[in-house]
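By convention in this document, chain letters (A, B, ...) are assigned in the order of the sequence lines, proteins followed by strands, and residues within each chain are numbered from 1.
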Amino acid sequence: MTTFEEILRLHRIQRVELTGWIEQRWVRPRRTAEGYVFDEVDEARIALISELRRDLMVEDDVLDLVLSLLDQLYATRRMLRTVEEAFETLPEPVRAQIRAKLKAQS
Amino acid sequence: MRDPYEILGVAKGADIKEVKKAYRKLARQLHPDLHPGDTKAENQFKEVSSAHQFLSNADQKARYDRGEIDASGAPRAERTFYRTYADGRPGSRYSDPQEVFTDPDGMDIFADLFRGVRHSAAWQAEQMRHADTRHRLEIDFLDAANGAVREIVLPGGKRLKVTIPPGATDGQVLRLRGQATQSTGGGRAGDVLIEIEVRPHPMFTRKGDDIHAELPITLPEAVLGARIEVPTVAGNVTLTVPKGANTGTRLRVKGKGVMAPGGRGRGDHYVTFKVMLPDKPDPELAELVEKWAARHPYRVRGGR
């Protein structure tokens with residue numbers, strides 16, 4: 001769990017940059033009485049945004065689109081994991097049936 | 001470590017522009033967060049990143065090109081990529097803005113599979129009783145600190161005046177009773193829940209009922225003292241900069257912070273001075289300081 005100031009130092013970004021990213025909801029830290037608190041997922045996201053901008057030279061309006069697509073992609077993956085977890089609880093004959101169907105589809 | 005030029009696929013001794021171009025192309029193909037399902041991507045990306053980082057240091061690159069040093073860089077710190085979090089529960093903080101998968105009726109895939117999950121009998125009954133409407137309202141830092149009146153438009157077109165209480169905090173939820181549109185089931189009108197989101201302020205940081213701000217002052221103001229006008233959430237105040245104020249010196253201005261809930265009065269405003277030299281180096285100043293420094297040495301680092 002990291003504070004706003006620590007994030008600026010750790011990731012070497014400007015205050016005005018991080019404030020902007022939060023306003024645009026690119027980064028969504030938790031809010032407490034003491035201010036913003038960044039969890040590990042938020043820090044990893046900040047590292048990603050930094051890299052996309054600095055190293056991959058993605059411009060901000062394109063970056064907005066990229067993040068939106070990534071969010072949809074990960075939401076889909078999380079959903080698939082939920083399905084997978086449910087699948088694993090099914091009896092083996094049922095799973096075998098589903099596997100056979102999937103094989104036939106492709 | 002292998003030759004960094006080889007890792008990036010450019011000619012040995014290639015100039016930094018070419019190196020960066022090659023890195024960008026590879027990073028796009030290998031960045032783990034952009035290829036969530038690719039298990040090999042992480043190690044490959046780390047190798048490519050190391051090579052890029054090594055050659056990005058101009059001094060290091062020059063010495064490596066001259067054969068003075070080899071490419072053994074320090075091992076990179078352990079890093080967990082975003083994709084690891086995003087694949088699991090922590091990632092749900094960053095759902096797609098349209099929240100496609102939150103409303104089962106809005107999904108085009110899995111609609112059948114997931115219908116039962118949300119629409120249990122109890123949930124449906126709850127919906128009949130009172131349809132609360134949630135609304136997110138973004139307000140300025142100052143409006144939150146001092147209170148304000150804002151108007152919102154509910155889905156369906158109804159306009160509502162919302163009184164933001166002074167001292168409102170980020171994440172606070174206001175409840176407006178009986179203002180929601182009636183649910184189709186004919187239950188009684190629900191409440192409108194307004195979740196407040198406070199925009200950060202470029203200068204002020206809020207800690208409880210107090211406001212903290214960094215205050216730049218000039219060299220003469222710091223050395224000789226001064227009276228300057230300073231903004232606070234409660235308006236401008238005239239502040240006396242004490243003689244000899246230093247970077248990091250903190251001053252408290254009582255009663256100029258955020259209004260405490262329940263109207264108990266205001267918190268305080270704290271300024272932390274930051275001494276700033278003139279933008280452009282000044283030869284006259286340099287001359288003065290040189291003479292002064294010779295007669296007045298003082299230490300700010302190391303043991304005292």
Any donor-acceptor pair under 3.5 Å linking the side-chain atoms of A:Glu43 with those of A:His11?
yes
Choice from B:Arg93, B:Lys207, B:Arg199, B:Arg24 maximising heavy atom contacts with chain A below 4.5 Å
B:Arg93
What part of A:Leu67 is in contact with chain B, defined as an atom under 4.5 angstrom from a non-hydrogen atom: side chain, backbone, both or neither?
neither
Taking every non-hydrogen pair under 4.5 Å, which of B:Lys20, B:Glu197, B:His201 racks up the most with chain A?
B:Glu197
In sequence, state the C-alpha distance, the side-chain angles, and the governing distance for A:Arg45 and A:Asp71, and then conclude on salt bridge (charged side-chain N to carboxylate O under 4.0 Å, His left out).
CA-CA 11 Å; A:Arg45 193 161 165 104; A:Asp71 288 343; 2.9 Å; yes
Is it true that a side-chain atom of A:Arg78 and a backbone atom of B:Gly91 form a donor plus acceptor pair closer than 3.5 Å?
yes
Structural part of A:Leu73 lying under 4.5 Å from a heavy atom of chain B
side chain
So, the part of A:Leu56 with a heavy atom under 4.5 Å from chain B: the answer is both
In terms of relative ring orientation, are A:Phe38 and A:Phe4 parallel, tilted or perpendicular, with 30° and 60° separating the classes?
tilted
Checking A:Val58 against chain B: side chain, backbone, both or neither under 4.5 Å from a heavy atom?
neither
Checking ring pair (Phe, Tyr, Trp, His ring centres under 6.0 Å) between A:Tyr74 and each of B:Tyr85, B:Tyr94, B:Tyr82, which is the one that passes?
B:Tyr82
Hey, are the side chains of A:Glu40 and B:Thr80 touching, using non-hydrogen atoms and a 4.5 Å cut-off?
no
Out of A:Asp55, A:Val66, A:Leu69, which one racks up the most heavy-atom pairs below 4.5 Å with chain B?
A:Asp55
Look only at the side chain of A:Ser68 and the backbone of A:Asp64, and say whether a donor-acceptor pair between them is shorter than 3.5 Å.
no
Under a 4.5 Å heavy-atom cutoff, which of A:Asp42, A:Leu70, A:Val16 has the most pairs with chain B?
A:Asp42
Go through the atoms of A:Arg15 and report whether side chain, backbone, both or neither lie under 4.5 Å from a heavy atom of chain B.
side chain
Which residue out of B:Pro36, B:Pro202, B:Ser56, B:Gly37 racks up the most heavy-atom pairs below 4.5 Å with chain A?
B:Pro36
May I ask you to decide if the ring planes of B:His31 and B:Phe81 are parallel, tilted or perpendicular, using 30° and 60° as cut-offs?
perpendicular
Options B:Asp87, B:Thr84, B:Leu34, ranked by heavy-atom pairs under 4.5 Å with chain A, top entry
B:Asp87
